[in-house]
Amino acid sequence: MRIYNTLTAKKEDFIPVDPGQVRMYSCGITAYDHCHIGHARSAIVFDVMRRYIKYRGYDIKYIRNFTDIDDKIINRAKQEGISWDEVARKYIDEYYRDMDSLGVGRADIEPKATEYIPEMIEIVKGLIDKGYAYEMEGSVYFAVERFADYGKLSKRDLDDMMAGARIEVDERKGNPMDFALWKASKEGEPAWESPWGPGRPGWHIECSAMSLKHLGETFDIHGGGADLIFPHHENEIAQSEAFTGRPFAKYWVHNGFITVDKEKMSKSLGNFFTIKEILGKFDAEAIRFFLLATHYRSPIEFSDEQLREAEISIDRYYTTFLRIRDFMAQDHSVEKAGSDEKTLDELLSRFPDSFREAMDDDFNTALAIGTIFELLRVLNKYLDARPSGQKGVALVTRSRELLKEAGGVLNIFSRTPEDWYRALMAKKAITLSEGEILSRIEERRQAREGRDWAAADRIRKELEEKGIILEDKKDGTGWKVKIS
RNA sequence: GGCGGCGUACCCAAGUGGCUAAGGGAGAGGUCUGCAAAACCUUUAUGCAGCGGUUCAAAUCCGCUCGCCGCCUCCA
């Protein structure tokens, strides 16, 4: 496997610190509002990395945190008139609701910042003892000049940073770039006891404390959105490496942004779409497919049109699965070859390698999806000749297994075609019930039997206007939801 | 101002030195069909923002130009 490492700005061979064992940490959310599609991208990208690493035979321990204390949470609590911990709890629940629908699995450990206050205090104390941090009026700051490697992740030079150009300078700090490890709490704010008086942790320290506790001083993969590179991840490196004297994370991976009109989707610009809004119009699987159809480091322009195309792609997959099922159910007493049997056979032989090579190359899910659709095309062509017999059963069974395995790694294509159509009926607000559709199909069957094509076409047209497409096959009529 | 990224067909999107430049959508033509739909076939980039250069060989490396974006403040 090769992974692009932000730290070295190169794709590198992936060699875990401990052979066969992977330790991965990704930065989760600050629980103060509903998640938008950008949060979904990050969560899905790391979910797929985790699944693929496991698929490749590694034992993986995956941690994803929640920031449950922070200025934004405190402000939100004031707005909503509830306590800060109620805000955090509420939005963590909402997070799970969103992620569960998107097929994002739970991490092995999902620590919350406030559960690690003693560990954080220990690190802050250690950093003061080692001369990397100083206390000032109840707060503690990390002195960036003391850490020689400061800037190595974000490729910045302290002198060039034009500190103060865009930040409010606190004149009392040793260097304007010094950041808070521990913040003194103001009257009425949530506070924990510390050697420096009542206060709360700075933002960055929680990840250092939680990763150290669960993954050790040095671990393999640390990820998050590209906007976390500076200052968050840069500061994590400074704190952690200054404290332990050991390298922190070996591979740093960062996902690209979702854009709207070419601009980064963000809370401050207000150009964001929440996951729930999008789920109101599109199926969760389409969202997941849409996000995985582009490489994780590239920007993705958000658009309804792209989501619709994702639905069409998924529909193509499930339509093929219905064909597979029809084929398996038919009579196989006669051996009859399909079209291009050799092409299918050869493709099946190299498919696992193609898929794996794509994913091995820095988790190239876009290319991996391409291999899936290539197999669908060849399989469809094979089935077009209406083959039968044991050779065919073997080839089609193999195709089905490989497709399901690949889909499983990406956690897409895992439903039945029926579940897909039912979900689509709900999203597209189809007013007909399945029973009504079937009875109309039966009426039409009788009309067709009497060669009353006008009546048959009328029924088909009527259903299409209500969003249902009919497909006449040799042994009956199937239906599907129209995507438009 | 500093650092970084991107620009591939009508749209989306892989490809970062060498086979016919993946895959999806859309369009056109065709096979199949009572007619459709689905599926399949053919077709749509002698071409990869532009101009130079390196090389036997470049979308891929180097330089310049143009355009777009990101980070440098909370941010996935």
Side-chain angles (χ1 to χ4, degrees), chain A residues 6 9 11 26-30 32 35-46 70-72 151 154-157 159-168 177 203 223-232 234 254-259 262-269 272 289-290 293-295 297-301 303 305-306 308-310 312-316 319-320 322-323 339-340 354 358 361 364-385 448 451-454 456-457 460-461 464 469-474 477-480 482:
Chain A
T6 306
K11 268 189 211 173
S26 82
C27 289
I29 55 153
T30 298
Y32 76 105
C35 289
H36 59 62
I37 181 87
H39 298 105
R41 184 181 194 186
S42 188
I44 287 171
V45 159
F46 291 105
D70 155 281
D71 287 348
K72 291 194 291 294
S154 53
K155 316 284 182 272
R156 271 161 233 273
D157 188 282
D159 298 330
D160 292 345
M161 255 191 270
M162 309 294 284
R166 290 175 65 195
I167 41 176
E168 283 180 51
M177 296 308 295
W203 174 32
D227 45 7
L228 297 182
I229 295 171
F230 190 90
H232 185 53
E234 194 70 68
H254 295 96
N255 64 274
F257 303 124
I258 308 275
T259 59
K262 295 282 167 64
E263 274 188 321
K264 180 189 170 188
M265 183 182 287
S266 73
K267 278 288 171 63
S268 44
L269 284 171
F272 60 89
F289 183 94
F290 163 67
T294 299
H295 185 86
R297 282 189 283 116
S298 304
I300 300 182
E301 171 73 11
S303 80
E305 173 62 18
Q306 289 301 309
R308 198 183 65 82
E309 286 186 11
I312 290 172
S313 294
I314 294 167
D315 200 62
R316 179 169 160 78
T319 299
T320 306
L322 281 177
R323 293 191 77 187
S339 346
D340 279 340
S354 303
D361 186 12
N364 194 336
T365 53
L367 186 57
I369 287 172
T371 67
I372 290 174
F373 279 89
E374 186 188 10
L375 178 49
L376 288 181
R377 192 190 68 242
V378 173
L379 175 61
N380 270 316
K381 183 172 185 181
Y382 174 81
L383 291 172
D384 273 351
R448 293 180 77 212
R451 306 187 72 79
D452 184 352
W453 306 123
D457 290 351
R460 186 169 63 198
K461 191 159 195 305
E464 185 179 346
I469 303 275
L470 298 188
E471 290 182 7
D472 293 329
K473 295 183 276 190
K474 282 275 186 284
T477 297
W479 62 273
K480 58 193 284 187
K482 184 180 176 183

remark   = Of the candidates B:A37, B:A76, B:G25, the side chain of A:D227 sits closest to B:A76
Distance-minimising heavy-atom pair for A:F230 and A:M177 = CZ-CE, 3.6 Å
ask   = Taking the side chain of A:K262 as heavy atoms from C-beta outward, which of B:C69, B:A38, B:C74 is closest to it?
value = B:C69
inquiry  = Are the side chains of A:I258 and A:H36 in contact, using a 4.5 Å heavy-atom criterion?
reply    = no
task = Kindly point out which of B:G24, B:G34, B:C40 is positioned nearest to the side chain of A:N380?
result = B:C40
ask   = What heavy-atom pair brings A:A368 and A:A358 nearest, and what distance separates the two atoms?
value = N-CB, 3.6 Å
ask   = A:D340 has an atom CG; how far is it from atom C1' of B:C40, in whole Å?
value = 10 Å
ask   = Hey, does the side-chain of A:R377 have a donor or acceptor N/O within less than 3.5 Å of a partner on the base of B:C40?
value = no
query = What nucleotide, of B:G34, B:A26, B:A76, holds the atom closest to the side chain of A:D457?
reply = B:G34
inquiry  = Give me the distance, rounded to whole Å, that separates B:G53 from B:A28 when you measure between the P atoms they each carry.
reply    = 43 Å
request  = Measure the acute angle between the ring planes of A:F289 and A:F373, then classify it against the limits of 30° and 60° as parallel, tilted or perpendicular.
outcome  = perpendicular
key: Pairwise C1' distance for B:C62 and B:G17, with rounding to whole Å   = 13 Å
message = What is the separation between atom CD1 on A:I229 and atom P on B:C71, rounded to the nearest whole Å?
response = 10 Å
message = Please give me the minimum heavy-atom distance between A:K155 and A:T6, naming the atom from each residue.
response = NZ-O, 3.0 Å
message = Heavy atoms from C-beta onward define the side chain here; which of B:A37, B:G23, B:A76 lies closest to that of A:E374?
response = B:G23
message = So A:G225, base contact, sugar-phosphate only, or nothing? Heavy-atom distance under 4.0 Å.
response = sugar-phosphate
query = Do the non-hydrogen side-chain atoms of A:L379 and A:T320 ever get within less than 4.5 Å of each other?
reply = yes
message = Base, sugar-phosphate or nothing for A:L228? Non-hydrogen atoms, less than 4.0 Å.
response = sugar-phosphate
Gap between atoms CZ and P, on A:R323 and B:C40 respectively (whole Å) = 7 Å
query = Below 4.5 Å, heavy atoms only, C-beta onward: do A:M265 and A:H39 meet side chain to side chain?
reply = no
query = Is the closest basic N to carboxylate O distance between A:E305 and A:R308 below 4.0 Å?
reply = yes
query = What interatomic distance, in whole Å, is found between C1' of B:G30 and the corresponding atom of B:G15?
reply = 31 Å
task = Taking Watson-Crick and G-U wobble pairs with both distances under 3.5 Å, convert RNA chain B into its dot-bracket string, 5' to 3', dots for unpaired and | for cross-strand pairs.
result = ((((((((.[[[..)..(....]]]((((((.......))))))....[[[[[..)....]]]]])))))))....
request  = Indicate yes or no: does A:D384 engage A:K381 in a salt bridge with an N to O separation below 4.0 Å.
outcome  = no
inquiry  = Regarding A:N255, tell me which of base, sugar-phosphate or nothing describes its non-hydrogen contacts under 4.0 Å with the strands shown.
reply    = base
task = Send over the distance from A:L376 CG to B:C41 P, rounded to a whole Å.
result = 12 Å
query = If we take the C1' atom in both B:C11 and B:G1, what is their distance in whole Å?
reply = 37 Å
inquiry  = Could you check whether the side chain of A:D70 and the base of B:C74 have a donor-acceptor pair of N or O atoms closer than 3.5 Å, going by distance alone?
reply    = no
ask   = Across the strands shown, which category fits A:G478 at heavy-atom distances under 4.0 angstrom: base, sugar-phosphate, nothing?
value = nothing
inquiry  = Does A:R460 reach a base, just sugar-phosphate, or nothing at all? Heavy atoms under 4.0 Å.
reply    = base
inquiry  = Quick test of the criterion, 5.5 Å between centres and less than 30° between planes. Is A:W453 stacked on B:G34 or not?
reply    = yes
query = Which nucleotide in the list B:C41, B:A38, B:C72 gets nearest to the side chain of A:R156?
reply = B:C72
query = B:A59 and B:A45: how far apart are their C1' atoms, nearest whole angstrom?
reply = 11 Å
remark   = Note: for A:G28 and A:T320 on RNA chain B, the residue whose nearest nucleotide lies more 5' is A:T320
task = Provide, to the nearest angstrom, the distance between the CG atom belonging to A:L322 and the P atom belonging to B:A37.
result = 18 Å
message = Show, in sequence, the C-alpha distance, side-chain angles and deciding distance for A:R448 and A:T477, and conclude whether the side-chain contact (heavy atoms from CB on, under 4.5 Å) test is met.
response = CA-CA 11 Å; A:R448 293 180 77 212; A:T477 297; 3.9 Å; yes
ask   = Counting side-chain heavy atoms from CB outward, which of B:C74, B:A39, B:G2 is closest to A:S268?
value = B:C74
Interatomic distance at C1', B:A21 relative to B:C48, whole Å = 8 Å
query = How far, in whole Å, is B:G52 from B:C68 if one measures between their C1' atoms?
reply = 23 Å
ask   = Between A:K480 and A:T319, what is the shortest heavy-atom contact and its length?
value = NZ-OG1, 3.4 Å
request  = Classify the nucleic acid contact of A:I258 as base, sugar-phosphate or nothing, counting any heavy atom under 4.0 Å across all strands shown.
outcome  = base
query = If you look at every heavy atom in A:T294 and A:P299, which pair is closest and at what distance?
reply = CG2-O, 4.1 Å
ask   = In whole angstrom, what separates A:E234's CD from B:C3's P?
value = 16 Å
query = What is the minimum heavy-atom distance between A:H295 and A:A366, and which atoms define it?
reply = N-CB, 4.1 Å
query = Between A:E464 and A:I469, does a side-chain contact (heavy atoms from CB on, under 4.5 Å) hold up when you go through it step by step?
reply = CA-CA 5 Å; A:E464 185 179 346; A:I469 303 275; 4.0 Å; yes
request  = Please state how far atom CD1 in A:I312 lies from atom P in B:A37, giving the value in whole angstrom units.
outcome  = 15 Å
Phosphate OP1/OP2 of B:C40 contacted by A:R316 side-chain N/O (<4.0 Å) = yes
inquiry  = For a quick check, tell me whether the side chain of A:R41 and the base of B:A76 share a donor-acceptor pair closer than 3.5 Å.
reply    = no
request  = Report, as a single string ordered 5' to 3', how protein heavy atoms within less than 4.0 Å touch nucleotides 4-19 of chain B: B base, S sugar-phosphate only, - not at all.
outcome  = --------SSSS----
task = Would you classify A:K473 as touching base, sugar-phosphate or nothing, given that sugar-phosphate means primed atoms plus P, OP1 and OP2, and contacts are heavy atoms under 4.0 Å?
result = nothing
Same-atom distance (C1') from B:C66 to B:G23, integer angstrom = 31 Å
ask   = Going by heavy atoms in the side chains, are A:D472 and A:R460 under 4.5 Å from each other?
value = yes
Give me the distances for all protein-to-nucleotides 30-33 of chain B N/O pairs that come in under 3.5 Å?
none

request  = Take the protein atom CZ of A:F373 and the nucleotide atom P of B:C40, then report the distance between them rounded to whole Å.
outcome  = 11 Å
